[in-house]
2 protein chains.
Amino acid sequence: MTAQRDELNAVSDTADQRVVPGTERTIPEATVARLAIYLRALTGLAERGIGTVSSDSLATAAGVNSAKLRKDLSHLGSYGVRGVGYDVALLTDQIRSTLGLNENRAVALIGLGHLGQALAGYAGFASRGFRISALIDADPAMVGDRLRGLIIQHVDALEQVVRSENIAIAVIAVPVNAAQDVCDRLVAAGVTSILNFAPTVLNVPSHVDVRKVDLAAELQILSFHDNRKGARQDFAPASVARVGAVGSRLTTTDSMVAAT
Amino acid sequence: MTAQRDELNAVSDTADQRVVPGTERTIPEATVARLAIYLRALTGLAERGIGTVSSDSLATAAGVNSAKLRKDLSHLGSYGVRGVGYDVALLTDQIRSTLGLNENRAVALIGLGHLGQALAGYAGFASRGFRISALIDADPAMVGDRLRGLIIQHVDALEQVVRSENIAIAVIAVPVNAAQDVCDRLVAAGVTSILNFAPTVLNVPSHVDVRKVDLAAELQILSFHDNRKGARQDFAPASVARVGAVGSRLTTTDSMVAAT
DNA sequence: TCGATTTTGTGAATGCCTTCACAAGGGCGT
DNA sequence: ACGCCCTTGTGAAGGCATTCACAAAATCGA
Ligand SMILES: NC(=O)c1ccc[n+]([C@@H]2O[C@H](COP(=O)([O-])OP(=O)(O)OC[C@H]3O[C@@H](n4cnc5c(N)ncnc54)[C@H](O)[C@@H]3O)[C@@H](O)[C@H]2O)c1
Ligand SMILES: NC(=O)c1ccc[n+]([C@@H]2O[C@H](COP(=O)([O-])OP(=O)(O)OC[C@H]3O[C@@H](n4cnc5c(N)ncnc54)[C@H](O)[C@@H]3O)[C@@H](O)[C@H]2O)c1
């Protein structure tokens, strides 16, 4: 769901990487999505000076159940100590390394309208392993402006900018009718991962990963459940706390997913 | 990947709603998340004057496979015609009704910083069944300002505003350290569905639904796959199109998910 | 009227994810 | 040193979700 969910995995991973000693193993998609959540929970614990956590407390902090957490972590290897728990710093490193966050990753942001400007200023990217390295827009009135220390480049220079900075990840925040075009150019320039805010299905070759964020869809899913709740109670007073109707949910990237 | 996924369903739905004739049936969570996508695809078709679609074309437009689409739609009832396809207008209505979008739903938006202002101006909400009915912030410098036809209210009046407008859905766009507090107040005021942008796990009673949008997590999931791709190719020239490495993905609210 | 053709709706099969439940492992107190 | 107690790591079971594959339905042309 949440989120959107995942699909079509064209990989025929069977059994050939058993030989590798280190971090090479197939990790379930659902697990990957949760690693990011664990990472944030761990950061919070570290800030509070906590050096060790049990699967139970970490699971609570991350909002999942502890069996799931342990199973998830077991895919990375065996980094817990029985009877004790997990070392916060060590586990943090392991997850960061699994997610490929050891050095900051360069990100291009295309489209600096309302949403794009909010994203450009979002501190949560930098603090979680990403560096916005290119700002691109089509509006001549905007090009050349400095925003957060970067100069906005014209979309005509997209390929050149992406190539010269060796950018693999891009965020699309342009109007829906420009999205596929921008996407094609990004892919041609070598981008292999795209986060898409435009409400449209992007067509990409199979080596490119697309995740989308669809806010209206999120609200519609909430609407569905809300609708059900209301129906089931046939109009009890609105302010009465209703108990045990439907378990609450959180998205995961699960915001869920679809494939091409 | 997506997106995140969903969890803990506390409902003990067994077999008591079979009796109801109409739209009452248990619909899988994964299906609900996709209905929103189908709805957008249908809107696009209608705009292009198309009156009928086969499951194949609609599936393509929505980026899923046709068997899945048909199975999904079969949960709503039997609205297709064999040998012909689905009537675009009829199917649109059915999905809208299933999602509870027959009349616009009122939404409160809390936090009008960078992100909140972008959201307040987002046309995609209004066009897809939602009406932002309340803008709320804590900053006195902002309160009283008019934004998109609405006056920004002080957070002290939150309960009053939510109750008087009978708002069931809220969007949280406040800093992370204010999020739980705002959430508690919303719940106390009768809100039962929350879309959360603050990067934190919200604690809510079981009758409240929370979905979260976590942009850093989305990027981290992309980073994971990107990392894998790179490793597997041991540094082929960056601009060469690589074929068949990993199937591309789109989120679903699936944005993955966790439960409380 | 009837058969050819198209496309839906759905049982059955498969696979992925979650949850259970417990044996194995490790620290710590005595 | 030893045994107690706590917590991990993981087989096994159960539940959802996706995909397959085909019979049933409906149109259309002859
Ligand atoms: N505003 C929101 O809160 C919000 C929420 C969810 C999704 N979205 C989606 O995000 C996208 C952007 O939304 P917005 O509100 O920021 O729109 P906006 O109109 O404010 O900004 C769009 C920006 O993209 C630029 N642009 C247009 N064509 C371009 C091109 N070919 N190449 C590069 N830049 C180009 C424009 O110059 C403009 O600066 C839209 O697709 C919208 O549906 C927005
Ligand atoms: N900016 C982004 O692109 C972005 C992206 C993803 C997530 N987020 C998250 O969204 C939230 C908002 O981000 P932002 O960039 O808009 O921050 P911001 O600081 O620009 O805006 C926060 C707003 O919330 C208001 N506020 C603070 N406490 C409040 C309270 N108790 N009640 C009501 N209003 C209150 C502030 O007055 C301010 O207007 C943050 O949690 C951030 O992590 C932001």
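Proteins come first, then strands; the chains are lettered A, B, ... in the order of their sequence lines, and each starts at number 1.
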Quiz item: Under the side-chain contact (heavy atoms from CB on, under 4.5 Å) criterion, do B:D209 and B:T192 qualify, and how do the steps go?
Solution: CA-CA 6 Å; B:D209 246 5; B:T192 51; over 6 Å; no
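Using a distance-only test at 3.5 Å, with no hydrogens or angles considered, no donor-acceptor pair links the side chain of A:N65 to the main chain of A:L69. Looking at A:Q220, its side chain never comes within 3.5 Å of a backbone N or O of B:L35 through a donor-acceptor pair.
Between A:L73 atom CG and D:dT7 atom P the separation is 16 Å, expressed in whole Å. Computed from coordinates, the A:L90 CG to D:dT8 P distance equals 14 Å when rounded to whole Å. Rounding to whole angstrom units, NZ of residue B:K68 and C1' of C:dC16 are separated by 12 Å. Whole-Å rounding puts the A:L76 CG to D:dG9 C1' distance at 13 Å. Computed from coordinates, the B:D56 CG to C:dG9 P distance equals 14 Å when rounded to whole Å. Taking atom CG of residue A:D72 and atom P of nucleotide D:dT10, one finds them 13 Å apart after rounding to whole Å. Taking atom CD on A:E29 and atom P on C:dC17, their separation rounds to 8 Å, with Å as the unit. One interatomic measurement links the two molecules: CG of A:L69 to P of D:dT10, which rounds to 14 Å at whole-angstrom precision.
Mapped onto DNA chain D by nearest heavy atom, A:K71 and A:V81 fall at different nucleotides, with A:V81 at the one closer to the 5' end. A residue-by-residue look at A:G83 and A:P28 shows that A:P28 has its nearest nucleotide of DNA chain C further toward the 5' end.
A close approach under 4.0 Å does occur between a side-chain nitrogen or oxygen of B:S78 and OP1 or OP2 of C:dG9. Put simply, B:Y86 has no side-chain N or O that comes within less than 4.0 Å of OP1 or OP2 on D:dA26. Within the 4.0 Å cut-off from OP1 or OP2 of C:dT7, not a single side-chain nitrogen or oxygen of B:Y79 is found. Remark: B:S55 is not in phosphate contact with C:dT7, judged by side-chain N or O atoms under 4.0 Å from OP1 or OP2. Distances shown here put a side-chain N or O of B:N65 below 4.0 Å from the OP1 or OP2 atom of D:dT19. Taking 4.0 angstrom as the limit, A:S54 places none of its side-chain polar atoms (N or O) nearer than this to OP1 or OP2 of D:dT7. An OP1 or OP2 oxygen of C:dT10 is reached within less than 4.0 angstrom by no side-chain nitrogen or oxygen of B:R82. Under 4.0 angstrom from either OP1 or OP2 of D:dT18 there lies at least one side-chain N or O belonging to B:R34.
A:D87 and A:Y79 are not linked by any side-chain donor-acceptor pair at a separation below 3.5 angstrom, with hydrogens and angles left out of the test.
The one candidate from B:S57, B:S55, B:S54 that meets the side chain to side chain contact (heavy atoms under 4.5 Å, CB included) condition with B:Y86 is B:S55.
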